[in-house]
Amino acid sequence: LARRVAAAGHPFAVLFKEPGDPVLADRLRAIRASAGIEQIDHDDMRAAIRWLRKGRVLGIVMDQEPRRTAEGVVAPLFGHATMTHVGPFRLARMSGAPLLTFFCRAAGRGRYRARLEALAGSDAVDPEVAVAEDAARFNARLEAAVRASPEHWMWMYRRWARIDRRARTGQPADAGLSDEAGLPER
């Protein structure tokens, strides 16, 4: 998607986290640069907002657990309480940019069928309630896409590790998250 959007003349950037392997980091930078894809560090939200306010496209991978609880909320995914990033929802609210989801399926050798859809944002007045509702809505869409084509979803880490640690200690999935992350009680 990024390559096609950039090739069509639409400025495209990805929000990225530098990999620990410097060789891989250099390779990814070179691949993106050769396709005309800009890169914005995942910790540079001001740059991301500036980019979006100019009407440009920003790609963000959303199926990973946030590093810090302040970066997420607990929302259901596959019947499990799941820490879910809220940065994209906050960016959309701050910049006025629309939220879109993108999923693709293989459709033959070297070909893919893509689905790009708007994700309606919450109407809640309280911004923290709104991003929690957005996260739940996103997770429902992600779950539906994975259930439709599980063979197209690669997930190689323990997605519920933080939540599982809470369960082992007898805490509810969202216990203490309000205090840790400055999130409202639900």
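Source: prediction; values computed, not measured. Atoms considered below: every heavy atom in the structure, side chains included; atoms not considered: hydrogens, waters and symmetry mates. Count residues from 1 along the sequence.
- A salt bridge links R90 to E128: at least one charged side-chain nitrogen sits closer than 4.0 Å to a carboxylate oxygen.
- For the pair H85/F138, no side-chain contact is recorded, criterion being any heavy-atom separation below 4.5 Å from C-beta on.
- No more than 12 heavy atoms of other residues, nucleotides or ligands sit less than 6.0 Å from atom CZ of R4.
- Contact check for P11 versus E38: no side-chain heavy atoms found under the 4.5 Å cut-off.
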**OP:** Report the C-alpha separation of F78 and R147 in whole Å, then their side-chain angles, then the decisive distance to 0.1 Å, and conclude whether the side chain to side chain contact (heavy atoms under 4.5 Å, CB included) test is met.
**Re:** CA-CA 9 Å; F78 293 107; R147 286 186 187 279; 3.5 Å; yes

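- Among all heavy-atom pairs drawn from I40 and A13, the shortest one is CD1-CB, 4.0 Å.
- Contact of the L91 side chain with the M45 side chain is registered, since non-hydrogen atoms from C-beta on lie closer than 4.5 Å.
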Result block: side-chain N/O donor-acceptor pairs under 3.5 angstrom for residues 104-121, not counting sequence neighbours:
from : atom 1 : to   : atom 2 : distance (Å)
R105 : NE     : S149 : OG     : 2.7
R115 : NE     : E117 : OE1    : 2.9

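- For the residue pair A75 and T84, the shortest heavy atom distance occurs at CB-OG1, 3.9 Å.
- For the pair A132 and V73, the tightest heavy-atom approach, listed with the atom from each and the gap, is CA-CG2, 3.9 Å.
- Two residues are said to be in side-chain contact when any heavy atoms from C-beta on lie closer than 4.5 Å; V146 and E151 fail this criterion.
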**OP:** Determine, stepwise, if the pair M62 / L142 fulfils side chain to side chain contact (heavy atoms under 4.5 Å, CB included).
**Re:** CA-CA 9 Å; M62 280 289 296; L142 172 62; over 6 Å; no

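- Under the salt bridge (charged side-chain N to carboxylate O under 4.0 Å, His left out) criterion, R137 pairs with D134, sequence neighbours left out.
- Closest approach of A2 and F12 over heavy atoms only: CB-CE2, 3.3 Å.
- By the 4.5 Å heavy-atom criterion applied to side chains, M83 and V74 are counted as neighbours.
- Considering all non-hydrogen atoms of both residues, P22 and G20 come closest at CD-O, 3.2 Å.
- The neighbour count for R27 CZ, taken as heavy atoms of other residues, nucleotides or ligands under 6.0 Å away, does not exceed 12.
- More than 12 heavy atoms of other residues, nucleotides or ligands sit less than 6.0 Å from atom CG of D21.
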Anything under 3.5 Å between a donor and an acceptor, one on a side chain of residues 46-61, the other on a protein residue two or more places apart or in another chain? List them.
from : atom 1 : to  : atom 2 : distance (Å)
W51  : NE1    : V57 : O      : 2.8
R53  : NE     : M94 : O      : 3.4
R53  : NH2    : M94 : O      : 2.7

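- Linking Ile, Leu, Val, Met, Phe, Trp and Tyr residues whenever their side-chain heavy atoms come within less than 4.5 Å leaves I31 and L24 in two separate clusters.
- For E143 (side chain) and L77 (main-chain N/O), no donor-acceptor pair under 3.5 Å exists by modelled atom type.
- Looking at every heavy atom in both residues, I37 comes nearest to A6 through CG1-CB, 4.4 Å.
- Atoms CG and CD, on L28 and Q39 in that order, are 8.0 Å from each other to the nearest 0.5 Å.
- Here CZ of R141 is found 4.0 Å from OG1 of T101. Values are rounded to the nearest 0.5 Å.
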